[in-house]
A.B. asks: 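Have a look at the structure that comes next, please.
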Amino acid sequence: GLIAYLNFNDVSGTTVPDQTSNGLDATASQVVNRTSQAPLSARDGATRALDFDGTDDYVNFGDSPDIGTSDFTVETWVRTTQTTEAVLINSRQNGSTDGQWTLKMSHNVGSTPANAGKPYFWDYASSAYGFQCLSDTTINDGMWHHVAFRKDGTAGKFFINGVPDTTSCTANSNIDYEPRDLSLGYDKRDATSDPDYYDGELDEIRIWSEARTQNEIREYMFKPLLGQEPNLEAYYPLDNPRHDHVHDMSLSNNHGTFY
C-alpha cells in the first residue's frame, strides 16, 4: 500500500507533511515558496508561482539567449506591493557591459518617486543605452498583472494585461543582445553594491526572438505553452520547481538554480 505521500503543496517552514495517516513528515533543507493563486494552472491542475522575499532570493541560469539584433519580446506575470527599485529579469554579468538588458520595477524611485510600481526596461552596449522605456501603468497593488515588453526594430512598447501601454521610450540604437548571465529577482552584476532584490511573485516567464503582436500576447497570456513554439528562446512556467531547480521548458534547456 501507499507508505507516504509528499505533494509539497502544504509546506510549513521546512516541514513537508506526509498526506497519508502514517505521519512520515520530511524536513526540507531549502523550500521554494509557492502561491495558491497563480494566474495560470499547471498541467497537473495546481496553481503555483515563484515567490521572492526581497532580501536574498534569486534565480541564476546559464547564458541568456543569443538574441543578437533580432526583434525581442519578454513577458511575465507579476504580483507585488514593492515600492523600491527591483529587478524582475536580468541579463548582465561582471566583466562586460555590452549586450545587456534588464526588466525591472520602479526605476530610480528615490529621485523620481512617481515611477514607483511602474515597469521599466533598458539595454546597454558600447558605453551607451539603446532602449530606456518606462511604463505609464502602476502595478504594485498586490494583484496579478501580465507585463510584456516588445522591441520591434528601434521601437519599444509595454503591454500591461494585454493592453498597449502609454510607454515613455527613448531608443538610440538596436543593441546586439549577446549571451550574458540570466537571472531573476536581483541584479547579478551589481549584487555586492546594489542588488535590487525583488519582493513578490513571478510566473510564466517567456523570452522570444521576435516582436510579438498584441493579439499573440493577449491570446497566450492565459495559456501554458508547449515549449516548441517558433522563436521561443526561453520558457520558465515556474509552476513546478523541483527542490532548488527552475526548469526551462523551451528547446533551449537553459535551466536555473533558486537561491
A.B. asks: Please determine whether a side-chain nitrogen of the Lys or Arg among R206 and E204 lies less than 4.0 Å from a carboxylate oxygen of the Asp or Glu.
C.D. replies: yes

A.B. asks: Check for a donor-acceptor pair, side chain of W77 on one end and backbone N or O of M221 on the other, with a separation under 3.5 Å.
C.D. replies: yes

A.B. asks: With a 4.5 Å heavy-atom cut-off, do P119 and I160 have their side chains touching?
C.D. replies: yes

A.B. asks: List the steps and the verdict of side-chain contact (heavy atoms from CB on, under 4.5 Å) for R150 and F159.
C.D. replies: CA-CA 8 Å; R150 181 183 72 189; F159 296 81; 3.6 Å; yes

A.B. asks: Do K151 side-chain atoms and S70 backbone N/O form a donor-acceptor pair below 3.5 Å?
C.D. replies: yes

A.B. asks: Can a donor-acceptor pair be found, under 3.5 Å and without considering hydrogens, that links the side chain of H107 to the backbone of Y120?
C.D. replies: no

A.B. asks: Is F121 linked to V109 within one hydrophobic cluster, defined over Ile, Leu, Val, Met, Phe, Trp and Tyr using a side-chain heavy-atom separation of less than 4.5 Å?
C.D. replies: no

A.B. asks: Specify the closest pair of heavy atoms between R79 and G142, including all atoms of both residues, with the distance to one decimal.
C.D. replies: CD-O, 3.1 Å

A.B. asks: Does either side chain, that of T213 or that of N215, offer a donor lying less than 3.5 Å from an acceptor on the other one?
C.D. replies: no

A.B. asks: Got a donor-acceptor contact below 3.5 angstrom from the N108 side chain to the T112 backbone?
C.D. replies: no

A.B. asks: Tell me if the aromatic rings of W122 and Y129 count as close, with their centers under 6.0 Å from one another.
C.D. replies: yes

A.B. asks: Could you note down all residue pairs passing salt bridge (charged side-chain N to carboxylate O under 4.0 Å, His left out) where residues 104-115 supplies at least one of them, sequence neighbours left out?
C.D. replies: E85-K104, K104-D196

A.B. asks: Do Q82 side-chain atoms and Y197 backbone N/O form a donor-acceptor pair below 3.5 Å?
C.D. replies: yes

A.B. asks: Got a sec, which residues hit side chain to side chain donor-acceptor pair (under 3.5 Å) with S168, two or more places apart in sequence or on another chain?
C.D. replies: none

A.B. asks: For residues I89 and V87, determine if any side-chain heavy atom of one lies less than 4.5 Å from a side-chain heavy atom of the other.
C.D. replies: no

A.B. asks: Kindly say whether G162 contributes a backbone atom to a donor-acceptor pair with the side chain of Q214 at under 3.5 angstrom?
C.D. replies: yes

A.B. asks: So which heavy atom on S106 is nearest to which on G117, and how close?
C.D. replies: OG-N, 2.6 Å

A.B. asks: Run the numbers on T80 and E201 for side-chain contact (heavy atoms from CB on, under 4.5 Å), then give the verdict.
C.D. replies: CA-CA 6 Å; T80 185; E201 293 155 279; over 6 Å; no

A.B. asks: Tell me, do T76 and I205 make a side-chain contact under 4.5 Å, heavy atoms counted?
C.D. replies: yes

A.B. asks: How about P164 and K157: do any of their side-chain heavy atoms sit closer than 4.5 Å?
C.D. replies: yes

A.B. asks: Identify whether I217 and I207 are in the same connected component of the hydrophobic contact network (ILVMFWY, side-chain heavy atoms under 4.5 Å).
C.D. replies: no

A.B. asks: Mind listing the closest non-hydrogen atom pair of F258 and V59 along with its distance?
C.D. replies: CD1-CG2, 3.5 Å

A.B. asks: Any side-chain heavy-atom pair from F72 and D123 closer than 4.5 angstrom?
C.D. replies: no

A.B. asks: Is it possible for you to say whether V246 and L103 belong to one hydrophobic cluster, with membership spreading through side-chain heavy-atom contacts below 4.5 Å?
C.D. replies: yes

A.B. asks: What's the verdict on side-chain contact (heavy atoms from CB on, under 4.5 Å) for Y235 and L251, showing C-alpha distance, side-chain angles and the deciding distance?
C.D. replies: CA-CA 9 Å; Y235 177 37; L251 297 178; over 6 Å; no

A.B. asks: So which atom in T138 and which in A116 form the shortest heavy-atom distance, rounded to 0.1 Å?
C.D. replies: CG2-O, 3.8 Å

A.B. asks: If you round to the nearest 0.5 Å, how far is CZ of R212 from CD of E219?
C.D. replies: 8.5 Å

A.B. asks: Should T83 and M105 count as side-chain neighbours, where that means a heavy-atom distance under 4.5 Å?
C.D. replies: no

A.B. asks: Testing the basics here: between Y186 and S183, what is the closest heavy-atom pair and its distance to 0.1 Å?
C.D. replies: O-OG, 3.4 Å

A.B. asks: So, does S250 use its side chain to make a donor-acceptor pair with the main chain of S252 at under 3.5 Å?
C.D. replies: yes

A.B. asks: Just so I know, are the side chains of L238 and L202 near enough to count as touching, which here means a heavy-atom distance under 4.5 Å?
C.D. replies: yes

A.B. asks: Where does the angle between the aromatic ring planes of Y58 and Y259 fall among parallel (under 30°), tilted (30 to 60°) and perpendicular (over 60°)?
C.D. replies: parallel

A.B. asks: Distance-only, no hydrogens or angles: does the D71 side chain make a donor-acceptor pair with backbone N or O of G153 under 3.5 Å?
C.D. replies: yes

A.B. asks: Using atom types as modelled and distance alone, determine if a side-chain donor or acceptor of T102 lies under 3.5 Å from a backbone N or O of N90.
C.D. replies: no

A.B. asks: When you compare the side chains of S135 and D165, does any donor N or O come within less than 3.5 Å of an acceptor on the partner?
C.D. replies: yes

A.B. asks: Using the benzene-type ring in the case of Trp, are the ring centres of W101 and Y124 under 6.0 Å apart?
C.D. replies: no

A.B. asks: To the nearest 0.5 Å, what is the distance between NZ (K223) and CG (L226)?
C.D. replies: 10.5 Å

A.B. asks: Is there a side-chain contact (heavy atoms from CB on, under 4.5 Å) between H145 and N161? Walk through the geometry before answering.
C.D. replies: CA-CA 6 Å; H145 295 277; N161 300 325; 3.2 Å; yes

A.B. asks: Looking only at the side chains, is there a donor atom on one of S209 and E233 sitting less than 3.5 Å from an acceptor on the other?
C.D. replies: yes

A.B. asks: If two hydrophobic side chains count as joined below 4.5 Å and joins carry through other members, does L88 share a cluster with I139?
C.D. replies: yes

A.B. asks: Taking side chain as C-beta onward, heavy atoms only, is Y236 less than 4.5 Å from F61?
C.D. replies: yes

A.B. asks: According to a 4.5 Å side-chain heavy-atom criterion applied to Ile, Leu, Val, Met, Phe, Trp and Tyr, with indirect links allowed, do F222 and W144 form part of one hydrophobic cluster?
C.D. replies: yes

